[in-house]
Structure formats: structure tokens, C-alpha cells
There are 2 protein chains.
Amino acid sequence: MARRPSPQTRERILDAANDLFDRYGVHAVGMQRIIDEAACGKNLLYREFGSKDELVVAYLERGGAEWDVKFARALAAAATPQEQLVELVRVVGAGLPGTRGCGLRNTLAEYPDPDHPVHRFIVEHLEKVRGRLHDLAARTPTADPDRLVDRILLIINGLYSPYTVIAGEGRAAAEAVLLAREIVSA
Amino acid sequence: MARRPSPQTRERILDAANDLFDRYGVHAVGMQRIIDEAACGKNLLYREFGSKDELVVAYLERGGAEWDVKFARALAAAATPQEQLVELVRVVGAGLPGTRGCGLRNTLAEYPDPDHPVHRFIVEHLEKVRGRLHDLAARTPTADPDRLVDRILLIINGLYSPYTVIAGEGRAAAEAVLLAREIVSA
DNA sequence: ATTCGGACGGACCGATCGGTCTGTTATCGT
DNA sequence: ACGATAACAGACCGATCGGTCCGTCCGAAT
């Protein structure tokens, strides 16, 4: 009959939101700014994403997918589970420059209300991450996989700290890999 | 002649701002909310603090002072520089429950613009922290104090991660102390 | 008792927030 | 060519943002 809805509009909007949320944080970015950046009508954005919260969740889903890529890359780059954990730390550190850290963790800080869907989504994702790390740790010769997970997460979370990200992420990233190597071989 | 300005009003306002900023983040808290909480007139707040940015800086100064207390406590609680570093990690971990992490680091994430006075203040403070850690590390028998500082900071920053703070800060705090102990005695 | 000035509440400012709705333009299928 | 519909722009909504300003009230010094 008539004009068909373009399937890539949703992606274009999400691209713009992703960039702005990553750079400035969720609360600091208004919907109009996203609309300007995406060069779309306000109607279109609210058709694709019913509310800002929904858009934020979509942004976080993409962030979670990026983490999956990191995880897969680390698994592929090393043979043993120990080396894979170290490689994961290396991948995280290598991904820091030019970013503001981890969108999921940064956004979690902006939504302290544990009942908020955005908060719940992030915690859920991070628990999944912990689960996958645990699976990996359980396949290492360590006597206490939980402890190994705690330590690796401590390092990764430390790398994602705003302080680390902004001041000298280079040194921290290198040191994190060395520390991770010692931890997994202990 | 007339009524004298009460010297504790400034503290009362700062108390309210401190509590709200700590709990919800800077961007999420409006001035009116602080005024309501402090039960003061809007005039008074803007006489004591010329703008929201100034109030935020005052809030961060108090956060910096709290860090100084933590540092002093760690120095007093142990004899050797190695043990003092471990103690510092322990103090940080012990201070986590019931908080949203570190106000300075959380606020840094909210002010990504490196030219903004709030951003600059935080980076300046954190560099001072690094300096004091370096002084401490230099008095340990380690061959590479810089590396030791990087590792301790990685742990502390990891503890202050929103993820650590919200999900299971107990395990992380205990593990951080153990890891710090291994690091300083390596 | 009068008066001076600080504390307070709130009206008010322009701008922006998230969100809704309408009108115009452009592109498609028939 | 025509008509249907998606995409776009923007007016508009109430609420809130940071910030200014004014009027009232009250406490203390004279």
C-alpha cells in the first residue's frame, strides 16, 4: 500500500542513545538530545521505545552483548581456564581507553533503587557474569573457585572504576593482567 | 543590633546535601529537595553556597576529609607500612555496608568533562590519595612501589565499584583483605 | 517598645525534563 | 497519477531543573 517502516531506524536511534549514554551518563542525557543525534522524529523514538526506561534497558542489553563478545574473545584466545581468566582481564583493560568505563556499572550507580527495573536488569546481568566466571573458575585446578571469582571480579571492577578509567588506565590495565596471572596460578 | 547569622546553618545544609548526594547521586538530587531536608530558606542556601557546583565541591571536600580519617585510622592500627596498607583495605571494606560506595568516585562518573571544576577537584583529590599511598609503599621492602600502589588502588577501586557495593560487598571485602595481604608480602 | 537584620517560605524566571499529539512532507504500492 | 502511510518537525503538556527575588516573620540589641 504505502511506505514501509525502515527496519534500521531502531538501530540508528539505539546507536545515538548508546553513544550519548556512554559518554555522558543516562541522567545527563535528555530524550531531545537523542532525537537530535538520531535525526528522527520524536514519534518514531517513542514508537520504538515506549519510554526512556525502555530505551535505557535496550542500551544496557547492548552493553551486555558487548560483554558476551569480550567473554567469547577471551575464551577463544587461550587454552586453559586459567589463561582464559587472565585473557578476560586483558580484554577488559584493552577496551578501556576512550571510554567512560562500563555502561552497566555506571548506570547501576545512577539507579540505586533496588526495585527499579533498570537496577534489577543490571544486577541480573552482573549475576549472570558472576555465574559464567564461576563456571570457568570451577574448571581450574584451584581449591576454592568462589574465592577465585571474587578476586577476578575485584580486579575487573577495579579496572572499571571511574578513577581508573580517567587517571592512568594504561598502568592499571597492565598491572591488572600481571596480578590476575599471579592469582590464577596460586 | 539584630539577629546574628547562626554558624551551624552551613553545617546543617551540608549535612542534608551530603546525605542526599550520597544516597541518590548528585544529578538526581535537586536543590529544592536539599532545602526541604535542611529546613532552611532558599536564600540561606544560596548565601552559603553560591551555586550547586559549589555545594557539590563542599560535599566532596567532606568526602575527602572522611578519606583522611580512614587513612589515619589505618596508619594507627598497624605498625609496618605493609600492614598499614592491608589495614587501609580493611577499613575501606568495613565502611561499605549501607553506603553507595565512594562519593568522590561516583560523582566523578557524573562529571566526565575534564574541564569542569567538580571533575578537576575529584581528580586532584584522587591524585593526592595516590601520592600518600606511594609514600607508604616506598617505606615497604618492595622493589617497585609504583606497582604496589597500582595493585592496592585496583583493589580499593574494585571495592568501591557499584557492583561490589550492591551485590555481596561482604565476600568482596573479606577477599580484598586477603588479596592485599598477599600483595604486600610478595 | 522600637527597630534592624537574618531566617524563612514561596512566587517567579527561563530552560529543560519525559511524554503526547498534530500537521506536513516524502515515499511507497496500486 | 493517486492515495495510503511512514517519517519528520514541532507545538504543547505538566513537572522540575538551577537560580533570583520579594515579602513576612521573628529574635535580639538599643
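Letters A, B, ... mirror the listed sequences (proteins, then strands); counts begin at 1. Nothing here was measured: the structure is a model prediction, and the numbers come from that model. Just so you know, these numbers use all the heavy atoms, side chains as well, and skip hydrogens, waters and symmetry mates.
- A 6.0 Å sphere centred on CZ of B/R62 holds more than 12 heavy atoms belonging to other residues, nucleotides or ligands.
- By the 4.5 Å heavy-atom criterion applied to side chains, B/R100 and B/Y160 are not counted as neighbours.
- The side chain of B/L44 lies closest to C/dA7, out of C/dA7, D/dG19, D/dC8.
- Counting only heavy atoms from C-beta on, A/T9 has its side chain closest to D/dA7 among D/dA7, D/dC21, D/dG10.
- In this structure, OH of A/Y46 is placed 17 Å from P of C/dT22, rounded to the nearest angstrom.
- Across the protein-nucleic acid pair, B/Q32 atom CD and C/dC17 atom C1' stand 17 Å apart, rounded to whole Å.
- In this structure, the CD1 atom of A/I35 is 10 Å from the P atom of C/dG19, given to the nearest Å.
- When the nucleotides C/dC8, C/dC21, D/dG18 are ranked by their closest atom to the side chain of B/M31, D/dG18 comes out on top.
- With hydrogens and angles ignored, no donor-acceptor pair under 3.5 angstrom links the side chain of B/K52 to the base of D/dG19.
- Counting to the nearest Å, the C1' atom of C/dG10 and the NZ atom of B/K42 are 9 Å from each other.
- Side-chain N/O atoms of B/R47 include none lying less than 4.0 angstrom from OP1 or OP2 on D/dT20.
- Rounded to whole Å, the distance from CD1 on B/I13 to C1' on C/dC8 is 11 Å.
- Mapping B/A39 and A/V29 onto DNA chain C by nearest heavy atom places B/A39 at the nucleotide closer to the 5' end.
- With hydrogens and angles disregarded, a donor-acceptor distance shorter than 3.5 Å links the side chain of B/E54 to the backbone of B/G50.
- A donor-acceptor contact closer than 3.5 angstrom is absent between the side chains of A/E110 and A/N106.
- Side-chain proximity of B/N43 to the nucleotides C/dC8, C/dT20, D/dG19 is greatest for C/dC8.
- Taking the six-membered ring for Trp and thresholds of 30 and 60 degrees, A/F21 and A/Y59 have ring planes more than 60 degrees apart, a perpendicular arrangement.
- Atom pair B/R33:CZ and D/dC17:C1' shows a separation of 13 Å (rounding to whole Å applied).
- Taking atom CD1 on B/I34 and atom C1' on D/dC17, their separation rounds to 12 Å, with Å as the unit.
- Distance, A/L55 CG to C/dC17 C1': 15 Å, rounded to whole Å.
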